[in-house]
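Working notes for the structure below.
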Amino acid sequence: MSKEEQTELRSVMDSVMSLCKRRGFVYAGSEIYGGLANTWDYGPYGAQLKRNILNLWWKTFIEDRDDMLGLDSAILMNPRVWEASGHVANFADPLMDCKSCNERVRGDKLLEEHLKTTIAGLSNDEIYNKVMDEKIPCPKCKKLNWTQPRAFNLMFKTYQGVLEDTAAQIYLRPETAQGIFVNFKNILDSMRVRLPFGVGQYGKSFRNEITPGNFIFRTREFEQMEIEYFVRPEQAESVFKQWVEDSMNFFTALGIKKDKMRVRNHGKEELSHYSTMTVDIEYEFPFGWGELQGIAYRGSFDLDQHTKFSGEKLQYRDPETNEVFVPHTVEPAWGLTRTVLTVLVDAFEEEALEDGETRNVMHFDPKIAPVQVAVFPLQKQQSEKAEALYKTLKPHFRCEYDESGAIGKRYRRQDEIGTPFCVTYDFQSDEDGAVTVRERDSMKQERVKIEVLAEFLKAKL
RNA sequence: GCAGGUAUCGUAUAGCGGCUAUUAUGCCACCUUGCCAAGGUGGAGAUGCGGGUUCGACUCCCGCUACUUGCUCCA
């Protein structure tokens, strides 16, 4: 990619951010107090868009399927959960600073690069000693002048109870997934399920990322949609492949351009502590490729760990053979807030018009557009009739009524927030009982009878 | 966390150590308007926060905050 192209893409990002603020999609957090780093608030259209994406996900993967169940577990959990999951031990980067030039590196990565092998389970002291034994210098200034590794645990800590003593120290969840494993037994006992089946939930997670950024791409507070799909070990591979396919289909259903997405296999060295097979679904953002979703084959790691730490047997008994075993899991994990960014960036177009003007158009898929139908009177004489029509459509679609300014200006307003259909009640409507429906993408106009209008629009959504 | 860049009405911008801080667009009201940002009149709206230098700071200096580029990473 050339410098010019990068600058161009950078300005796309700026345009999207500016539009988000101007049109009520996303605002900077705590803005009137000078902001708080990396926090963003979703405005009316942004909140609606996020919810629409979430609802489509829930419908696609939970409601419409016989093998899926929904769950909504707590953000605050017993700290032992995170010991079992490995997050207390592994979800921290041992960062070392070079005292000579201030370069900061991950101690474990430094070792791995030097030794050309993967290492795991070393304590900070062990990492430090090993680095000093091997005399691994700073990659930047080539001096051997490291600080002790300091663990920056990515989990947010807080306190339960009014006294800030350590006994009550708990974490904000860094992922929603553990809530599913922890409820595995509850679900088996209450829901009469059979393998293979999955449990899905969405919600906020929190990670003290060292380097957040890129608008709402990487934020310390974010929303995920996660599924744990439980299978017999021998089913895992085919189920895994099926999830990759289903996931891509979901993104396509959101209207995201296929040629901007790719599936990327994780190499051995980047697999996380729990996974033996992982793929990412990535999108090409203006700032580069970024992960939208990870699909990880976790084996029986989580259920085994929680069995070990809790003492509860997390197993499955086959009702026909009476065979007892620990199911394996395939975990598709989406970033919801990231998906919102993707949809915003992907839908954005600065369209050049014939007269040299431009119009900003958000080409949201009609299913997830914050506003689906806008209703106008051609002029204020038709206000009353148009408003009455708006009220009949409102229960069936996400609707907006606008009578302010010239008709062309109202079209443009709706283009900018991605409304796919505009309906205009005009001078003829009284006589022919019809209205003009204008489509955002084609800018085509069509005359539609009012009595079939709702049906007509529904067919297009 | 380190190194660089940036910070002026909602958005995009101009400018200056000193007069009422520029322009465009958007927004609000009224008039006008027979389908793609028409026109007229009026209106509201900004120097991120704190300190210093100075008779006087939006402008110069320092600190903070936020955004951003690179290192990092992963939903």
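What you see is a predicted model, and the numbers here were worked out from it, not measured in a lab. Each chain gets a letter, A, B and so on, in the order the sequences are listed, and its residues count up from 1.
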Determine the contact category for [X]: base if any of its heavy atoms lies under 4.0 Å from a base atom, sugar-phosphate if only primed atoms, P, OP1 or OP2 are that close, otherwise nothing.
{"X": "A:Ser18", "answer": "sugar-phosphate"}
{"X": "A:Met225", "answer": "nothing"}
{"X": "A:Leu292", "answer": "sugar-phosphate"}
{"X": "A:Ser429", "answer": "nothing"}
{"X": "A:Asn38", "answer": "sugar-phosphate"}
{"X": "A:Glu226", "answer": "nothing"}
{"X": "A:Tyr33", "answer": "nothing"}
{"X": "A:Glu291", "answer": "base"}

Starting from [atom2] on [N], measure out to [atom1] on [X] and report it in whole angstrom.
{"X": "A:Asp14", "N": "B:A12", "atom1": "CG", "atom2": "P", "answer": "8 Å"}
{"X": "A:Arg220", "N": "B:A75", "atom1": "CZ", "atom2": "P", "answer": "16 Å"}
{"X": "A:Arg410", "N": "B:A38", "atom1": "CZ", "atom2": "P", "answer": "11 Å"}
{"X": "A:Asn214", "N": "B:U69", "atom1": "CG", "atom2": "C1'", "answer": "10 Å"}
{"X": "A:Glu282", "N": "B:C73", "atom1": "CD", "atom2": "C1'", "answer": "12 Å"}
{"X": "A:Arg359", "N": "B:C36", "atom1": "CZ", "atom2": "P", "answer": "13 Å"}
{"X": "A:Asn208", "N": "B:C74", "atom1": "CG", "atom2": "P", "answer": "14 Å"}
{"X": "A:Met261", "N": "B:A75", "atom1": "CE", "atom2": "C1'", "answer": "16 Å"}

From [options], pick the nucleotide closest to the side chain of [X]?
{"X": "A:Arg22", "options": "B:A75, B:C35, B:U11", "answer": "B:U11"}
{"X": "A:Glu416", "options": "B:C35, B:A37, B:A75", "answer": "B:A37"}
{"X": "A:Arg218", "options": "B:A75, B:U11, B:A66", "answer": "B:A75"}
{"X": "A:Asp280", "options": "B:C74, B:U11, B:C36", "answer": "B:C74"}
{"X": "A:Gln224", "options": "B:C35, B:A75, B:G10", "answer": "B:A75"}

Helical stems, RNA chain B - three or more consecutive Watson-Crick or G-U wobble pairs below 3.5 Å: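 The stems that RNA chain B takes part in, listed by first number, are B:1-7 with B:65-71, B:10-12 with B:23-25, B:27-31 with B:39-43, B:48-52 with B:60-64.
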Nearest non-hydrogen partners of A:Ser429 and A:Thr424, listed with the distance: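 Heavy-atom minimum between the residues: OG-O, 4.5 Å.
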B:A75 base stacked by A:Phe222 (centroids within less than 5.5 Å, tilt under 30°):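 Yes.
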Aro-ring/base stack A:Trp334-B:A75, d under 5.5 Å, angle under 30°: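 No; by the centre-distance and plane-angle rule, A:Trp334 does not count as stacking on B:A75.
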Any N/O donor-acceptor pair, A:Arg438 side-chain to B:C35 base, under 3.5 Å: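 By the distance-only test, no, there is no pair.
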Donor/acceptor link under 3.5 angstrom from A:Arg207 side chain onto base of B:C74: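 By the distance-only test, no, there is no pair.
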Cationic tip of A:Arg438 above A:Tyr411 ring, under 6.0 Å, 45° of axis: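 Yes.
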N/O donor-acceptor pair under 3.5 Å between A:Asp346 side chain and A:Thr342 backbone: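 Absent.
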Beyond-backbone contact of A:Val263 with A:Val244, side-chain heavy atoms, under 4.5 angstrom: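 Answer yes - side chains close enough.
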Where at least one partner belongs to residues 364-377 of chain A, residue pairs that pass side chain to side chain donor-acceptor pair (under 3.5 Å), sequence neighbours excluded: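 Applying side chain to side chain donor-acceptor pair (under 3.5 Å) to every pair that reaches into residues 364-377 of chain A, excluding sequence neighbours, yields A:Asp365-A:Lys367.
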5′-ward residue of the pair A:Trp40/A:Phe217 relative to RNA chain B: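 It is A:Trp40, whose closest nucleotide lies nearer the 5' terminus.
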Rounded distance (nearest 0.5 Å) linking atom CG of A:Leu389 with atom CD of A:Gln382: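 The CG atom of A:Leu389 sits 12.0 Å away from the CD atom of A:Gln382.
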Any A:Gln379 side-chain N or O less than 4.0 Å from OP1/OP2 of B:G34: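 Result: yes.
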Please write out the pairs of protein N or O atoms and N or O atoms of nucleotides 27-32 of chain B separated by less than 3.5 Å, giving the distance to one decimal.
| unit_1 | atom_1 | unit_2 | atom_2 | d |
| --- | --- | --- | --- | --- |
| B:C27 | OP1 | A:Arg413 | NE | 2.7 |
| B:C27 | OP1 | A:Arg413 | NH2 | 2.7 |

